[in-house]
Novice: 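I have a structure I would like to understand better, so I am pasting it below and will then ask my questions one at a time.
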Protein chains: 2
Amino acid sequence: MTDTALPRTARERARAEITAEILASARRQMAAEGAAAISLRAVARDLGMVSSAVYRYFPSRDDLLTRLIIEAYDALGDAVDAADASRPREDFVGRWMAVSHAIRDWGLAHPHEWALIYGSPVPGYAAPDDTIGPGTRASVTMTRLLVEALMAGVLPPAEEVPRKVSRSMRSLKAFIPVPVPDSYLVAGLMARTQIFGHVTLELDGQFNATIDDPHAYFDHVARMSARQMGFAG
Amino acid sequence: MTDTALPRTARERARAEITAEILASARRQMAAEGAAAISLRAVARDLGMVSSAVYRYFPSRDDLLTRLIIEAYDALGDAVDAADASRPREDFVGRWMAVSHAIRDWGLAHPHEWALIYGSPVPGYAAPDDTIGPGTRASVTMTRLLVEALMAGVLPPAEEVPRKVSRSMRSLKAFIPVPVPDSYLVAGLMARTQIFGHVTLELDGQFNATIDDPHAYFDHVARMSARQMGFAG
DNA sequence: CAGGAACGAGAGCAGTGCTCTTGACAGCGA
DNA sequence: TCGCTGTCAAGAGCACTGCTCTCGTTCCTG
């Protein structure tokens with residue numbers, strides 16, 4: 001979960017503490033002004049040190065951003081897993097609803113973090129490989145939900161899917177331990193796109209002048225997407 | 001379409017030309033490095049003038065970005081309208097497919113423009129009111145398509161929608177000249193979210209390791225979303 | 001043709017990420 | 001306990017940014 005073992009020497013303790021303080025200050029700055037506005041000099045000022053000292057802890061601004069991205073992915077993953085665990089295993093619709101609302105709630109509570117991980121990347125930034133692991137946590141949980149519903153036999157009959165589309169999902173199938181009919185995979189991916197796409201569009205203000213009660217509307221969207229996946233509802 | 005009347009004096013001609021050159025240079029810079037990396041000084045260097053001279057044409061960097069946003073919205077709107085017009089009026093599925101592919105194609109061709117208008121805004125930037133008009137063009141076209149299908153009588157029977165959800169769409173209904181059953185509105189909004197959400201996620205690389213043939217997969221998604229809206233297919 | 005508006009050039013301010021050097025200190029082995 | 005080694009904060013400095021102000025010049029118009 002956290003870093004390595006407990007720090008031993010005073011030096012290591014201090015290093016861990018200052019690292020945490022830098023991250024906290026950067027998070028504060030991101031919450032206030034957005035990820036792109038994070039400034040190492042402002043962090044340094046905030047902590048009462050000089051800008052060059054920060055580079056002892058993070059070799060570059062991009063490394064700081066990477067840490068923040070990983071933490072954001074993990075925070076969202078934790079929220080999603082907690083929501084999934086809060087419902088009875090066999091209540092697939094309830095689990096899907098809980099997961100969907102957890103995703104939206106987290107996004108509304110952390111708009112800049114959401115933009116950081118799902119929005120367009122910061123100027124010259126390219127996400128390193130460290131981020132793909134935690135980045136898939138929410139999707140993995142949603143896929144697991146679909147697979148469990150399939151194994152429970154509560155899904156309607158599968159449908160035909162064009163061969164080209166079926167072949168196009170070979171890489172996806174390699175990640176899933178049990179065989180899943182193509183039409184379920186498509187439905188699951190589309191439901192995932194519906195949820196993440198909705199939150200992104202809502203945070204971007206695309207529903208501003210059209211939807212008066214976003215929570216009620218999203219609740220309906222989540223329920224409809226569960227139904228379109230074949231979950232009874 | 002373009003600016004005002006044809007320029008009269010030599011000064012006005014020059015001003016219009018230089019303004020266009022500034023926009024072109026900024027567009028080039030955006031295509032290369034992203035919108036947030038647009039620098040007025042680099043634009044000035046590119047055009048062989050001094051940085052302060054650019055401020056004679058755009059009072060601030062944000063005004064330049066606003067112009068680029070409006071142009072991007074309009075370019076996407078043109079592409080969408082052209083795609084819609086390319087199919088027979090009564091071929092609603094074909095029109096929806098053409099519009100969907102036009103949106104994705106434009107996004108793939110102009111990823112930074114897409115990020116500019118649908119991604120998280122640049123640091124301190126807040127989109128002014130000038131952008132909401134062109135910003136809704138694509139959505140307006142998609143909604144018109146739905147309304148025409150409704151009036152043609154090709155949609156299946158409407159369904160019940162929770163009262164809270166129905167009431168939540170009052171603002172939306174104010175924009176639509178004819179009464180549309182609530183379930184159609186929800187279906188239309190969800191289809192729109194599916195298309196825009198898909199393109200955003202695809203541009204963000206969220207399908208990278210899972211979907212091998214994004215074009216074929218998206219074509220299927222567009223067809224399925226048309227079906228979920230009730231379009232025969 | 002004279003006045004005023006528009007314009008390009010340049011200097012300058014405050015801010016940024018990042019590098020390099022300097023001197024101080026902690027932690028370790030001898 | 002002494003001295004070496006690696007870590008650290010501090011400061012100066014480079015190249016860059018958006019933006020402002022002033023200065024002549026040039027162009028358009030009354």
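Here the structure is a predicted model, which means the values were calculated and not measured. Residue numbers start from 1 in every chain, and the chains themselves are labelled A, B, ... in the order their sequence lines are given, proteins ahead of strands.
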Novice: When you measure from the side chain of B:Thr9, which nucleotide among D:dT29, C:dA9, D:dA9 comes out closest?
Specialist: D:dT29

Novice: Taking only the side-chain nitrogens and oxygens of B:Ser39, find out if one of them lies under 4.0 Å from OP1 or OP2 of D:dC16.
Specialist: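 False: B:Ser39 side-chain N/O out of range (4.0 Å or more) of D:dC16 OP1/OP2.
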
Novice: Which part of the nucleic acid, if any, lies within reach of B:Ile18 when heavy atoms closer than 4.0 Å are counted: base, sugar-phosphate only, or nothing?
Specialist: sugar-phosphate

Novice: Taking CD from A:Glu12 and C1' from C:dC25, how many angstroms apart are they, rounded to a whole number?
Specialist: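 Rounding to the nearest Å, CD of A:Glu12 and C1' of C:dC25 are 16 Å apart.
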
Novice: For nucleotides 1-6 of chain C, give me every protein contact, N/O to N/O, under 3.5 Å, one pair per line with atom names.
Specialist:
residue, atom, partner, partner atom, Å
C:dA6, N3, B:Arg11, NH2, 3.0

Novice: If we count only N and O atoms by modelled type, under 3.5 Å, do the side chains of B:Asp63 and B:Ser60 hold a donor and an acceptor together?
Specialist: yes

Novice: Please check: side-chain N/O of B:Thr136 versus main-chain N/O of B:Ser139, any donor-acceptor pairing under 3.5 Å?
Specialist: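 No, the answer is negative, given that no donor and acceptor are paired below the 3.5 Å cut-off.
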
Novice: Within this structure, what is the CD-to-P distance between B:Glu21 and C:dG8, rounded to whole angstrom?
Specialist: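 Rounded to whole Å, this separation is 11 Å.
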
Novice: Quick one: ring pair (Phe, Tyr, Trp, His ring centres under 6.0 Å) partners of B:Phe218, sequence neighbours excluded?
Specialist: B:His101, B:His198

Novice: Is any side-chain heavy atom of B:Leu172 closer than 4.5 Å to a side-chain heavy atom of B:Thr143?
Specialist: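 Counting from C-beta outward, B:Leu172 and B:Thr143 never come under 4.5 Å.
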
Novice: Whole angstrom is fine here: how far is it from CZ in B:Arg45 over to C1' in D:dA15?
Specialist: 10 Å

Novice: Give the rounded distance in Å between these two atoms: CZ of B:Phe58 and P of C:dG8.
Specialist: 13 Å

Novice: Check the distance between D:dT7's P and A:Arg13's CZ and give it to me in whole angstrom.
Specialist: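 These atoms are roughly 20 Å apart.
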
Novice: After noting the C-alpha distance and the side-chain angles of A:Ser171 and B:Asp212, does the key distance pass the side chain to side chain donor-acceptor pair (under 3.5 Å) rule?
Specialist: CA-CA 7 Å; A:Ser171 297; B:Asp212 303 315; 2.5 Å; yes

Novice: What contact category does B:Ala10 fall into here, base, sugar-phosphate, or nothing, at under 4.0 angstrom with non-hydrogen atoms?
Specialist: sugar-phosphate

Novice: Below 4.0 angstrom, N of the basic side chain to O of the carboxylate: do A:Glu71 and A:Arg27 qualify?
Specialist: yes

Novice: So, taking the atom named CZ in A:Arg87 and the one named CG in A:Leu145, what distance separates them when rounded to the nearest 0.5 Å?
Specialist: 12.0 Å

Novice: Could you check whether A:Thr141 and A:Asp81, counting side-chain N and O atoms only, form a donor-acceptor pair closer than 3.5 Å?
Specialist: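 Checked: A:Asp81/A:Thr141 side chains pair up, N/O donor to acceptor below 3.5 Å.
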
Novice: Where does the angle between the aromatic ring planes of B:Trp114 and B:Phe196 fall among parallel (under 30°), tilted (30 to 60°) and perpendicular (over 60°)?
Specialist: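 Ring orientation of B:Trp114 relative to B:Phe196: parallel.
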
Novice: To the nearest angstrom, how far is B:Leu65 atom CG from D:dT17 atom P?
Specialist: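 In whole Å, D:dT17 P and B:Leu65 CG are 15 Å from each other.
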
Novice: Which part of the nucleic acid, if any, lies within reach of B:Leu64 when heavy atoms closer than 4.0 Å are counted: base, sugar-phosphate only, or nothing?
Specialist: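 Nothing: the residue B:Leu64, judged by heavy atoms under 4.0 Å, touches no strand.
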
Novice: Report the distance from atom NE2 of B:His220 to atom OG of B:Ser225, rounding to the nearest 0.5 Å.
Specialist: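 Atom-to-atom, B:His220:NE2 and B:Ser225:OG are 10.5 Å apart.
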
Novice: Measuring from the side chain of B:Arg61 (C-beta onward, heavy atoms only), which nucleotide among D:dC19, D:dT17, C:dC7 has the closest atom?
Specialist: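 From the listed options, D:dC19 comes nearest.
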
Novice: Starting at atom CD of A:Glu17, determine the distance to atom P of D:dC8, rounded to an integer number of angstrom.
Specialist: 14 Å

Novice: Within this structure, what is the CG-to-P distance between B:Asp63 and D:dC19, rounded to whole angstrom?
Specialist: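 So the two atoms are 9 Å apart, to the nearest Å.
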
Novice: Please determine whether a side-chain nitrogen or oxygen atom of A:Tyr55 lies at a distance below 4.0 Å from atom OP1 or OP2 of D:dA9.
Specialist: no

Novice: Extract from the structure each pairing of a protein N or O with an N or O of nucleotides 11-13 of chain D at less than 3.5 Å, listing the distance.
Specialist:
residue, atom, partner, partner atom, Å
D:dG11, N7, A:Ser52, OG, 3.4
D:dG11, O6, A:Ser52, OG, 2.8
D:dG13, O6, A:Arg41, NH2, 3.4

